[in-house]
Structure formats: structure tokens, C-alpha cells
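Only this structure's heavy atoms are used, side chains among them; waters, hydrogens and symmetry mates stay out.
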Amino acid sequence: SDVCSSDLKVHELAEVCRENGSPISHFFGIVVANHGRPAFEIRVTVSDFADSELFHLRKHIRAISGLAMLAPLLGLFGTVLGMISAFHALSQQSGSGKTELLASGISLALVATASGLGVAILASAAYYYLLGRVDRLIQEMDVLTNQAVALVASDEIGRAHV
């Protein structure tokens, strides 16, 4: 009866972990579902799941990294198009005012470069900030998962109560 009650509590706890939806609760759910197994086996099971979970945690920040890399190129592309347009307009102009026309065209073209660099700087800062947060979360999940494994593993249970 005590074993059945314990198994029911473990099953309920695993279900609560699955329903929560957070990454750490998924790790705890795997640990709880594998209670009574050797710590090594539980860690291997968690590790297999961790690769998939880490991919999902980093998936969205990869897009920010891509934006940080592409923004300067898009800005430079806009600058080149603007310069082409400025020089084309200059070639069509006759008489005075060519210098002002060229300066105006170059000024407008450089706005694209500045915009691209601005977006890249903000995206890079966001990327490194979020990457740091994900790395801290991963480290915290690793520590907590190891503590949970120590509580439920068959080869750790005796030592946990000593």
C-alpha cells in the first residue's frame, strides 16, 4: 500500500511537471518519471532531452543574431543604391548646383548606412544579453536537475538520507 501510494504521488508529480510547460519543469518531469533508476541512467535520459530543449531556448535568439549580421549589409546596399542614384542625377544636371546636388544625394545615401549600423548595434546588444540569460538559465537548470537526480536515483537515495 505504501509503495502504491508512493508510485501514485510520483505519477501525479510527473503529470504536474508535464503540464507546467516551463523548461525546468520538463527536466524535473523526466527526473521524477525515472525515479529509482541509477543516477547515471537518469542523467543520460535528461541529457538526451536537454539537446532538444536547448535548441528551442536558443532558436529565437538566433534570428536576432542574423538580424545583427544582415543589417549593416542592408544599410550598405541602400547606400550603394543611393550613391548610384545621386551620381545618375548629377550626370543629368547641367550648369551650376552640381556640388549641392551631389552632397544632398550622398547625405541621403549615408542615412541607409547609419540605419543599418544602428539596427545592428541594437540587435547585437539584445542578442548577447539574451544569450547570457539563456546560459544562466541552462546553468541553473543543470544544478537543479543534478540536485533532483540525487534525491530520486537508486544509488543516491541511501546517501541522501545519511
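- Interatomic distance, Ser47 OG to Ile42 CD1, rounded to the nearest 0.5 Å: 13.5 Å.
- Taking 4.5 Å as the limit, every side-chain heavy atom of Gln92 sits out of range of all side-chain heavy atoms of Leu101.
- Remark: Glu140 CD is loosely packed, at most 12 non-hydrogen atoms of other residues, nucleotides or ligands lying under 6.0 Å away.
- Residues Ala153 and Pro38 come closest through the heavy atom pair CB-C, 4.1 Å.
- Closest of all the heavy-atom pairs between Ala86 and Gly105 is CB-CA, 3.7 Å.
- Within the 4.5 Å cutoff, no side-chain heavy atoms of Arg37 are placed close to those of Val152.
- Between Ala120 and Ala68 the shortest heavy-atom distance is CB-O, 3.5 Å.
- Under a hydrophobic clustering in which Ile, Leu, Val, Met, Phe, Trp and Tyr are joined whenever their side-chain heavy atoms come within less than 4.5 Å, directly or via other members, Val149 and Leu151 fall into the same cluster.
- Residue Arg133 places its CZ atom among 12 or fewer non-hydrogen atoms of other residues, nucleotides or ligands, all under 6.0 Å distant.
- Taking hydrophobic clusters as Ile, Leu, Val, Met, Phe, Trp and Tyr residues chained together by side-chain heavy-atom distances below 4.5 Å, Phe87 does not share a cluster with Ile84.
- What you find for Ala71 and Val119 is that their closest heavy atoms are CB-CG1, 3.6 Å.
- Residues Val80 and Ile106 are members of separate hydrophobic clusters, defined by side-chain heavy-atom contacts under 4.5 angstrom among Ile, Leu, Val, Met, Phe, Trp and Tyr.
- Within the 3.5 Å criterion, the main-chain N or O of Val111 finds a donor-acceptor partner in the side chain of Ser115.
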Dump the intermediate steps for side chain to side chain contact (heavy atoms under 4.5 Å, CB included) on Arg43 and Thr145, then the final yes or no.
CA-CA 9 Å; Arg43 286 189 181 101; Thr145 301; over 6 Å; no

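- For Ser124 (side chain) and Ile121 (main-chain N/O), no donor-acceptor pair under 3.5 Å exists by modelled atom type.
- Side-chain atoms of Thr79 do not come within 3.5 Å of backbone N or O of Leu110 as any donor-acceptor pair.
- Side-chain contact between Tyr127 and Leu67: absent, with no pair of heavy atoms (C-beta onward) separated by less than 4.5 Å.
- Using modelled atom types, no side-chain atom of His56 and backbone atom of Glu53 make a donor-acceptor pair closer than 3.5 Å.
- If you take OG1 on Thr113 and CE on Met83, they are separated by 9.0 Å, rounding to the nearest 0.5 Å.
- The closest donor-acceptor contact from the side chain of Ser104 to the backbone of Glu100 lies at 3.5 Å or more, if one exists at all.
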Please step through side chain to side chain contact (heavy atoms under 4.5 Å, CB included) for the pair Arg58 and Val134, ending with a clear verdict.
CA-CA 7 Å; Arg58 290 189 170 132; Val134 167; 4.1 Å; yes

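- Separating the OH atom in Tyr128 from the CG atom in Asp135 is a distance of 11.5 Å, to the nearest 0.5 Å.
- A continuous path of hydrophobic side-chain contacts links Ile64 to Tyr129 [ILVMFWY only; heavy atoms under 4.5 Å].
- By the rule that hydrophobic residues join a cluster once side-chain heavy atoms approach within less than 4.5 Å of another member, Val44 and Leu144 end up as members of separate clusters.
- The shortest distance between side-chain heavy atoms of His26 and Ile30 does not fall below 4.5 Å.
- One distance of note links CG of Leu131 with CD1 of Ile61; it measures 4.5 Å at 0.5 Å rounding.
- Distance CD/Gln147 to CG/Asp142: 10.0 Å, rounded to 0.5 Å.
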